[in-house]
Amino acid sequence: MSIETEQATATRSAPKFKSLRWWMLALFLLGITINYITRNSLGILAPELKVSLNMSTEQYSWVVAAFQLAYTLFQPFCGWLIDVIGLKTGFMICAIIWALVCMLHAGAGSWVQLALLRFFMGGAEAAATPANARAIADWFPKKERPVAAGWAGVGFSIGAMLAPPIIVVTHLTLGWQGAFLFSGALGLVWVVLWWRFYHAPQQHPNLSQQELDLIREDNEPDLPKLPFFTSLGRLCRDKKFYGIAIPAFLAEPAWAVFSFWVPLYLATERGMDLKQIALFAWLPFLAADIGSVASGYLTSLYRKWFGFRRINSVIASSVTGAFLMLSLTLVAVTKDPFLAIALISVGGFGHQVISCMLSALVVESFDKNQMATVNGMRGSCAWIASFLFSLLIGAVSDTVGFGPLFVAMGFFDLIGALFLIALLAERGAKKR
């Protein structure tokens with residue numbers, strides 16, 4: 001018996017798992033969760049790092065910006081890499097790099113060294129956003145993708161939600177160096193799980209033929225792989241891409257503030273210590289988790305109640321999130337720190353509705369051989385804004401405070417919603 005025949009026999013005889021596509025999504029989300037724990041460790045430890053490494057607020061903004069710059073530059077490349085060599089191998093390579101670099105943070109002796117490490121870590125972690133689109137496209141039929149995109153967004157926010165208690169407890173036990181070592185080690189543990197249990201649908205030994213048929217029932221055909229610059233050139237000529245990229249650009253400053261600046265804001269403007277920050281800084285991300293899950297189901301309600309087509313229902317869900325972002329404008333005027341956290345949490349809910357639905361629109365609107373690349377380009381546009389806004393915060397927050405910045409963030413997404421409607425909404429067609 002040949003090796004190929006033995007492999008085929010083993011695949012046929014392997015036990016089958018019901019709803020395996022959701023288990024694969026959960027495994028992917030575990031990786032995204034750890035991705036966000038490692039990246040958000042910097043924001044949680046910022047008050048102590050500023051003292052230990054003698055950093056000014058402006059220097060800290062450059063450390064944050066180094067990560068954001070790399071994340072911006074490398075997302076299209078990471079997306080193209082995943083499209084070409086596959087989700088399993090491409091995402092695993094990036095995860096190994098980001099986990100090891102996170103552990104190297106423990107040896108940083110200055111803000112410049114920390115900035116260099118954040119740059120390399122940002123380049124590797126840039127795979128998260130394009131991998132998200134590819135995982136949904138590979139494992140779910142079109143009718144399930146908005147809901148799957150909503151659940152996929154949970155990984156991005158639950159990691160940020162878990163980061164404060166995990167990092168603070170580890171910091172209290174092992175110091176700030178130990179916190180970086182521990183979070184990086186979590187990434188390496190996940191790599192082993194991913195290498196062992198993840199396979200593409202057509203190669204997975206535990207996927208039943210019935211579920212494979214369901215995944216493929218309205219799925220896109222496999223198309224030829226495109227060279228990197230050919231793929232980018234096609235995107236730049238497609239107006240649908242700008243309908244996603246511009247709202248992403250306007251939405252991301254808020255998430256950058258939630259991830260990198262809220263702990264510092266709570267410490268400097270609300271007078272909270274590290275333990276109080278650990279108690280409350282995770283709440284916006286809990287709200288973001290709820291928003292992620294709700295966003296996909298909200299599209300179903302818009303289809304049911306108003307007869308929207310699938311793309312229009314996704315857009316309507318995103319516009320709903322944009323209106324919720326207005327809560328951030330009130331943060332600037334409230335005196336109660338707990339009300340401020342509640343308002344930021346509403347913004348977390350709204351932002352993640354927008355973010356998940358933008359991922360869903362990528363999957364709905366582009367060919368399968370470009371989905372990771374498109375989502376990578378979307379992420380680059382978002383992180384250009386994140387990079388610039390972080391530098392702005394570092395330059396002005398010590399003089400004007402965070403209030404005007406929260407007001408601006410409250411209105412950005414409504415402007416983005418106008419582009420979403422103008423460039424992507426389907427008109428004059430019946431529901432399908």
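We use all heavy atoms of the structure for the numbers below, so side chains are in, but hydrogens, waters and symmetry mates are not.
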Within this structure, what is the [atom1]-[atom2] distance for the pair [X] and [Y], rounded to the nearest 0.5 Å?
X	Y	atom1	atom2	answer
I96	L188	CD1	CG	7.5 Å
H199	N206	NE2	CG	7.5 Å
T299	I315	OG1	CD1	12.0 Å
L266	I341	CG	CD1	5.0 Å
L25	S19	CG	OG	12.0 Å
Y71	M121	OH	CE	10.5 Å

Q: Check step by step if ring-ring contact (aromatic ring centres under 6.0 Å, His included) holds for F285 and Y36.
A: CA-CA 11 Å; F285 300 107; Y36 262 76; 8.1 Å; no

(Q) Run V63 and L42 through side-chain contact (heavy atoms from CB on, under 4.5 Å) and show every step you take. (A) CA-CA 9 Å; V63 174; L42 178 73; 3.9 Å; yes

Give a yes or no on whether the backbone of [Y] and the side-chain of [X] come within a donor-acceptor separation of less than 3.5 Å.
X	Y	result
Q113	G109	yes
R145	A360	no
E269	G401	no
S355	H351	no
T334	L330	no
S318	V314	no
R303	N312	no
T329	L326	yes

In the structure I gave you, are the side-chain heavy atoms of [X] and [Y] within less than 4.5 Å of one another anywhere?
X	Y	value
F74	F120	no
L214	K143	yes
W190	L27	yes
L53	L114	yes
Q352	S295	no
N40	I167	no
I354	L324	no
Q75	R378	no

Q.
Just to verify, which of F17, W139, F140 counts as forming a ring-ring contact (aromatic ring centres under 6.0 Å, His included) with W22?
A.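 That would be F140.
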
For [X] and [Y], work out which heavy atoms get closest and say how close.
X	Y	answer
A294	F349	CB-CZ, 4.1 Å
W194	K88	NE1-O, 3.0 Å
F249	I384	CE1-CG2, 3.9 Å
S183	C102	OG-SG, 3.3 Å
C78	G123	SG-O, 3.6 Å
I82	R134	CG2-CG, 3.9 Å

Q: Go through the steps for V353 and S317 under the test side-chain contact (heavy atoms from CB on, under 4.5 Å), then give the verdict.
A: CA-CA 7 Å; V353 170; S317 182; 3.7 Å; yes

Q: Quick one: sort the F406 and F402 rings into parallel, tilted or perpendicular, breaks at 30° and 60°.
A: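 The arrangement is tilted - the two ring planes meet at 30° to 60°.
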
Q.
Would you call the rings of W80 and F77 parallel, tilted or perpendicular, taking 30° and 60° as the class edges?
A.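 Ring orientation, 0 to 90° scale: tilted.
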
Q) Around W111, counting heavy atoms of other residues, nucleotides and ligands shown, do more than 12 lie under 6.0 Å from its CH2? A)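 Atom CH2 in W111 is packed in, count exceeds 12.
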
(Q) Counting only heavy atoms not in D336 (residues, nucleotides, ligands), do more than 12 fall under 6.0 Å from its CG? (A)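 Yes, CG of D336 has more than 12 neighbouring heavy atoms, counting only those of other groups under 6.0 Å.
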
**Q.** From CA spacing to verdict: ring-ring contact (aromatic ring centres under 6.0 Å, His included), W23, Y198
**A.** CA-CA 10 Å; W23 287 102; Y198 184 86; over 10 Å; no

Q: Take T72 and S380 through the test side-chain contact (heavy atoms from CB on, under 4.5 Å) and record every step on the way to the result.
A: CA-CA 4 Å; T72 300; S380 285; 4.2 Å; yes

Q.
Is it true that K18 and S208 share a donor-acceptor pair across their side chains at a distance under 3.5 Å?
A.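 Note: S208 and K18 side chains miss the donor-acceptor criterion.
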
(Q) What verdict does the side-chain contact (heavy atoms from CB on, under 4.5 Å) test give for I37 and I166, after you've listed the backbone C-alpha separation in whole Å, the side-chain angles of each residue and the deciding distance to 0.1 Å? (A) CA-CA 8 Å; I37 290 173; I166 289 175; 3.9 Å; yes

